[in-house]
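Some notes on the structure that comes next.
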Amino acid sequence: MKYLMINGKREEIPPFPHHKAYIYRSKQFFFAKGITTHLTMGNFITLKELYNGFKNKCSVPRVLLLDPTSNCNLKCKGCWSQDYESGHNISYEKFDDILHQAEKLGIMDCLMTGGEPLLRKDDILKLCKEHSKMTFGAFTNATLIDEKFADEMAALGNLNVFISIEGTKEETDFRRGTGVYDKAIEAMDILRSRGIAFAFSSCYHSKNYKTIASDQFLDHMRQKGAWFGWLFQYIPVGSNADTSLVCTAEQRAYVQERIRDYCIKHDYVIIDFWNNGHLSFGCIGAGVGFVHINAKGDVEPCAFCHYSDSNIYEVSLAEALRSKFFTAFRNAQPFSQNPLRPCPLIDNPQAIIDVVNAGGARSTHLANPESAEALAMKSFERAREWEEMSEELFRKMPEHIQKNFPRFLKYHTFKKGITDGRRKDI
């Protein structure tokens, strides 16, 4: 039996695909101590991915990210979803088909983004039941979570939610609208009463970064029942993005150090995508760890990278993972030898220009598309500032991380050689 320490209590982890097992595996994946622990995690899932990648001539990701809908019942400031054209939905039948394709490739985790996924909660519940050997999670504003839905989640066992919250009541309602904070807290109470191990999900930016990294906020999230947390930096995606919300290098470093110390002190899992996820490989987009499908069917490297050269209505998932753009993207990884500079969007902006052009990709941002050059121009200055600061931060990191990162990169190169390297068109 497996266990996790949650709020000082040793919690039992049911077997996969229970939603608590997903949390356990996430900790193993994002905080692997070395190559051996990475290769042997779960039921040797990493080795299975390696075999499936060899068999299908593509890099098979750990997680499928999918937008059931582009619609949302909120209009959060700085969120690209409010810019999206309304009315785009992955039909139930197509959603089901994509999941069958994912299962055939060996992908057993599906996370839903959007838009607000729970606008499709009836379909989601049916699909969770139909695909009972997979785990599911939804990034949600939580306004649609009620006791009936929580009861159905508890009965299924393989569905989790990641509740968006921006810090204090004032900070959350500033971005999300009056009353949204109270709804999120109410949803947490409902889920906790049913033993559902949800996560909190926070976007930190120049106006709330200190709150998100504070002991007071993080203690509160744990007290409300959050088993772990996702942190995302505000990324200025879309031609009308508000660049004033982008964190400075100093603000980002503040979050990185505070979150690191908090997690060590409390043995708590917080995945800060740009600051500690993934300390092993850097960027895990384009099939290395994630693949994203938006509500129009465009297959993208990750939920933040709105460029694609393939659509799931025109090609299979395996073909999309083998696409020219995805191959160019993977060939360019890692985008840095420093795991604190993993991202081509904000850390190495010239890289997103290069891979988009090399792969012949187009912008998939629905209402406010932008060229890779236009996106990169918003990040060059901050990227230069962060490069210098992150080198010092990396030197302060534990010795095992400094030693293991090059080893993980060698493994990543080996993996590409036996998946992408088998293809004759490369």
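Atom set for the values below is all heavy atoms of this structure, side chains included, hydrogens, waters and symmetry mates excluded. The model shown is predicted, which means the values in this text are computed figures rather than measured ones.
In this structure, Phe304 has its ring center closer than 6.0 angstrom to the ring center of Phe232. Between Phe139 and Trp230, a ring centre-to-centre spacing shorter than 6.0 Å is recorded. Between Phe273 and Phe290, the distance separating the two ring centers is shorter than 6.0 angstrom.
Using a 4.0 Å cut-off between charged nitrogen and carboxylate oxygen, Lys207 and Asp242 do not count as a salt-bridge pair. Between Asp97 and Lys94 there is a salt bridge, since at least one side-chain N of the basic residue sits less than 4.0 Å from a carboxylate O of the acidic one. A salt bridge is absent between Asp109 and Arg62: the closest approach of a Lys/Arg side-chain nitrogen to an acidic carboxylate oxygen does not fall below 4.0 angstrom. Between Glu381 and Arg384 there is no salt bridge, since no side-chain N of the basic residue sits under 4.0 Å from a carboxylate O of the acidic one.
Residues forming a salt bridge (charged side-chain N to carboxylate O under 4.0 Å, His left out) with Lys378 (at least two apart in sequence, or on another chain): Glu370.
Within the cation-pi definition used here (under 6.0 Å to the ring centroid, within 45° of the axis), Lys121 qualifies as a partner of Phe149.
Contact detail for Gly137 and Phe162: the closest heavy-atom pair is CA-CE1, 4.0 Å.
A donor-acceptor contact under 3.5 angstrom links the side chains of Ser323 and Asp309, judged on distance only.
Within the structure, ring-ring contact (aromatic ring centres under 6.0 Å, His included) contacts touching residues 200-219 (residues at least two apart or in different chains) are Phe200-Phe217, Tyr209-Tyr254.
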